[in-house]
Amino acid sequence: MKIKINLFRQFFIFSLISISLFNCSIDDVNRRFHESLALPQPSPISIVDPNNFSFIHITDLHVVNGKNPHLTAFGSRLISTDAFIIASGDLTDNGQQGDFAAYGKIMKSFGIPYFSGIGNHDLWFGGWDSFKTLVGPSVYSTTAGNLRIIFLDTADDTIGADQLQWLKKELEQKTEPYCIVVSHYNFFLPTILETAMPTNMQEIYAMMRLFEKYRVDYVLMGHSHIYDYRKINGISYLVDSALKQYSANEQKYYNRITVSNGKMTHQRFAIY
Amino acid sequence: MYKYFLKSPWLILSFILISKNVYTIELQHTFDLRTGAEINTSFGWRLVNEAKYELILDKHWQLSPGLLLAPGWSFLSAYNLETGYNQLFIESLSVHLKFLNMSYHAVSVAENSIIPYFSWRSKNFEADLGLNFRFTNFGPQNLDFIFYYPKDLFLTFFVFRIAGYLNWENPGIRLGIEMKNIDWNYAGNSMEISFDIDGIYQITNALALKLNMGTIPSGISGLSLDFNRFNILLGAQYRL
């Protein structure tokens with residue numbers, strides 16, 4: 001059977017193959033999930049006044065060549081009520097072992113506990129092996145005083161069946177009055193020109209319904225590098241802008257989430 | 001009897017469906033059916049059954065409703081009402097407006113979309129490009145009402161489809177590959193891109209068999225891929 005292929009179609013096929021090959025990671029969230037459960041889980045932390053405290057959300061640090069000056073500068077903005085820090089993924093720019101080590105060193109220098117999530121950049125070029133060795137599991141659930149903290153692995157934009165079942169079980173079993181869930185991938189598109197958003201809304205809606213049913217207070221996210229806040233059916237969905245360094249003189253932000261008088265609220269602050 | 005005919009909308013509709021001409025207006029009818037399965041990494045598998053009817057008046061005006069029923073791990077139903085104008089300025093170009101309702105019954109969430117888009121159709125290349133103005137309805141009311149536009153969650157995406165087809169010695173065979181985030185009764189997120197093999201075998205001038213097989217990876221926007229979905233659909237098309 002003769003097949004005539006003209007130049008245009010050759011280019012089209014070439015483009016498709018190129019797109020498929022030009023990916024920095026092809027991974028399996030189910031495999032990471034099960035490996036995470038087998039790793040030592042982050043310990044719960046106690047809080048002096050579990051009904052009045054604050055914690056920090058930062059995201060998309062993109063530590064590269066062992067440094068991120070914005071992350072380093074951020075440390076001076078911590079206040080006495082900040083009990084811990086949450087970093088929701090893209091800790092490194094391209095999954096390099098040295099950058100994971102540098103991230104840990106910088107975070108430890110702040111002197112308060114921190115919890116880390118995994119992002120798509122952390123998986124690049126085989127980054128999962130370094131992440132699980134130097135950072136820890138990508139999926140876990142722990143507590144800080146009266147607060148349940150659940151970290152999801154959405155680094156490749158899907159959570160998988162096993163992790164979804166695990167999330168449901170964790171939410172069913174929680175007894176703490178406050179609860180946050182941390183995901184690297186943002187759930188909603190911030191602007192029409194942005195491509196950073198989930199592949200499949202069916203997973204997102206399934207998780208949203210779980211959050212409503214089991215009364216999650218905040219869902220902390222990153223990935224898009226664009227600040228976005230929505231309150232939908234009583235749940236706060238907060239995406240912070242990135243701490244990634246693009247240029248020398250730029251403003252960067254973090255969120256302080258405060259638990260006080262039975263409520264959880266957030267406020268955005270500039271680093272500089 | 002003539003008066004009874006005019007009073008009966010079903011008779012009028014049936015008459016139009018089998019007519020090739022009404023007064024001097026040329027009618028072209030196309031019926032599409034397809035069935036298959038979809039496998040989803042998070043939810044398992046489900047059946048997919050779709051139907052589409054297209055009416056083209058005088059080679060230009062298009063009206064096409066469609067329906068999708070997908071029972072399985074999460075029952076998804078969808079239907080759309082689409083209108084359009086073919087051969088806009090040039091033969092290959094057309095413009096469309098699609099109203100789409102997709103209901104995820106397991107979680108009581110529905111999406112109502114308004115999708116204006118342009119289409120290009122040539123012998124070996126097809127392309128669609130448009131916008132999806134999507135309103136998400138968290139229920140419980142009006143989940144199946146296509147024109148319900150709540151403000152709970154409103155997002156806007158680009159929708160697109162590009163397909164390239166090879167020439168075969170047998171002109172009845174049309175086989176190619178496509179990339180798309182929109183289908184008959186489905187409009188996905190911007191990066192919910194399906195990479196498909198699309199084939200049509202024209203048995204007669206009126207009847208064709210169709211095959212569509214595709215995979216949708218997750219994580220394209222983050223350059224960190226994982227398997228998300230795979231589907232295979234077999235169908236038939238009949239043209240009057």
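In what follows, chains carry the letters A, B, and so on, assigned in the order in which the sequence lines appear, proteins first and then strands, with residues in each chain numbered from 1.
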Among A:Thr199, A:Asp90, A:Asp162, A:Asp157, the residue with the most heavy-atom pairs under 4.5 Å to chain B is A:Thr199

When the 4.5 angstrom heavy-atom criterion is applied to B:Asn228 and chain A, the contacting part is side chain

Taken in chain and number order and not counting sequence neighbours, the residues that satisfy side-chain hydrogen bond (donor to acceptor under 3.5 Å, both in side chains) with A:Tyr205 are B:Glu111, B:Thr136

Interface check, chain B: of A:Thr154, A:Asn200, A:Leu164, most non-hydrogen pairs under 4.5 Å belong to A:Asn200

B:Ser224 and A:Leu123 have their tightest heavy-atom pair at OG-CD1, 3.4 Å

Practice task
Please indicate whether B:Gln87 has more than 12 foreign heavy atoms, meaning atoms of other residues, nucleotides or ligands, lying under 6.0 Å from its CD.
Solution key: yes

In terms of heavy-atom contacts, B:Asp226 and A:Val29 come closest through OD2-N, 2.8 Å

Residues A:His223 and B:Ser221: closest non-hydrogen pair is NE2-OG, 3.7 Å

Here the gap from A:Ile192 atom CD1 to B:Leu131 atom CG, rounded to the nearest 0.5 Å, amounts to 4.5 Å

Correct closest heavy-atom pair for B:Gly222 and A:Asn120 would be O-ND2, 2.9 Å

Quick check: does any side chain N or O of B:Ser218 sit under 3.5 Å from a backbone N or O of A:Asp156, one acting as donor and the other as acceptor? yes

Note: B:Val107 and A:Arg209 closest approach over all heavy atoms is O-NE, 2.7 Å

Honestly, the part of B:Asn40 sitting under 4.5 Å from a heavy atom of chain A is side chain

Sequence neighbours excluded, the answer for side-chain hydrogen bond (donor to acceptor under 3.5 Å, both in side chains) partners of A:Asp122 is A:Thr92

Of A:Gln165, A:Met201, A:Glu212, the largest count of non-hydrogen pairs under 4.5 angstrom with chain B goes to A:Met201

Tell me if the NZ atom of A:Lys168 is crowded by more than 12 foreign heavy atoms within 6.0 Å. no

Side-chain donor-acceptor contacts of residues 141-158 of chain B below 3.5 Å, not counting sequence neighbours, with atom names and distances?
from: B:Gln141; atom 1: NE2; to: B:Tyr148; atom 2: OH; distance (Å): 3.3
from: B:Asp144; atom 1: OD1; to: B:Ser103; atom 2: OG; distance (Å): 3.0

When the 4.5 angstrom heavy-atom criterion is applied to A:His121 and chain B, the contacting part is neither

Applying a strict 4.5 Å limit to non-hydrogen atoms, the region of B:Tyr104 in contact with chain A is side chain

**Item:** A:Arg31 atom CZ: more than 12 heavy-atom contacts under 6.0 Å
**Value:** yes

Taking the side chain as everything from C-beta on, heavy atoms only, tell me whether A:Pro198 gets closer than 4.5 Å to B:Met191. no

Against chain B, residues from residues 225-240 of chain A with at least one heavy atom under 4.5 Å, in numeric order, are A:Arg230, A:Ile232, A:Asn233

d(B:Ile216 CD1, A:Thr158 OG1) to nearest 0.5 Å is 11.5 Å

Smallest heavy-atom separation, A:Gln202 atom then B:Phe43 atom, equals O-CZ, 3.8 Å

